[in-house]
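So the structure is just underneath, and the comments pick up after that.
We use all heavy atoms of the structure for the numbers below, so side chains are in, but hydrogens, waters and symmetry mates are not. Throughout, numbering of the chain's residues begins at 1 and tracks the sequence.
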Amino acid sequence: MDLARLYGAAEIVAPVLVFVGVVLARWKAGMRDVWREEAEALASKTERQAEELASLREEIKELRRENRELRDRITELLNR
């Protein structure tokens, strides 16, 4: 009888363990996909920000050049 009980318990426990294993594997795969998507989104955002930063630097250089030209004109007008 003990062997029959053990067999009966194994019939219940084995499918439960398989189910838990499958669920954990799917959960891990889902988490991996989510983290991959997050990493790709972050890389894309970083690239856009780098491009925007380069554009802003160029704009600042242009504004500084224009500011320098205007100061030179003002100085020239005041020295007449």
Side-chain angles (χ1 to χ4, degrees):
M1 283 243 228
D2 289 334
L3 191 56
R5 275 191 191 170
L6 183 61
Y7 182 72
E11 283 184 324
I12 295 172
V13 172
V16 170
L17 290 177
V18 169
F19 175 76
V20 169
V22 169
V23 168
L24 285 176
R26 284 189 179 182
W27 181 76
K28 281 177 140 180
M31 290 302 291
R32 184 174 44 242
D33 293 342
V34 167
W35 281 106
R36 183 179 296 125
E37 290 173 6
E38 288 295 323
E40 290 171 356
L42 183 59
S44 175
K45 180 180 177 183
T46 301
E47 186 176 317
R48 283 193 315 272
Q49 287 178 338
E51 291 171 358
E52 186 177 339
L53 181 60
S55 173
L56 289 172
R57 285 182 177 173
E58 289 300 318
E59 187 176 342
I60 288 171
K61 286 178 183 179
E62 179 64 28
L63 288 172
R64 286 180 177 170
R65 185 191 59 75
E66 184 180 339
N67 189 20
R68 192 169 39 253
E69 288 176 2
L70 290 173
R71 284 182 180 189
D72 290 344
R73 286 184 188 172
I74 291 172
T75 303
E76 181 183 323
L77 288 173
L78 289 176
N79 288 335
R80 283 187 181 182

Same apolar cluster: F19 and W27, side chain cutoff 4.5 Å: no
Cluster link L24 to V16, ILVMFWY, side chain under 4.5 Å: yes
Which atom pairs, donor and acceptor, lie under 3.5 Å between side-chain atoms of residues 43-59 and protein residues at least two apart or in another chain?
residue, atom, partner, partner atom, Å
S44, OG, R48, NH1, 3.0
T46, OG1, L42, O, 2.8

side-chain contact (heavy atoms from CB on, under 4.5 Å) assessment of E66 paired with L70: CA-CA 6 Å; E66 184 180 339; L70 290 173; 4.3 Å; yes
Can you tell me how far [atom2] of [Y] sits from [atom1] of [X], rounded to the nearest 0.5 angstrom?
| X | Y | atom1 | atom2 | value |
| --- | --- | --- | --- | --- |
| D72 | E76 | CG | CD | 8.5 Å |
| N79 | I74 | CG | CD1 | 12.0 Å |
| T75 | R73 | OG1 | CZ | 12.0 Å |

N-O pairing of E62 and R65 below 4.0 Å: yes
Ion pair R36/E40, N-O distance below 4.0 Å: no
Closest contact, heavy atoms only, A10 versus P15: O-CD, 4.0 Å
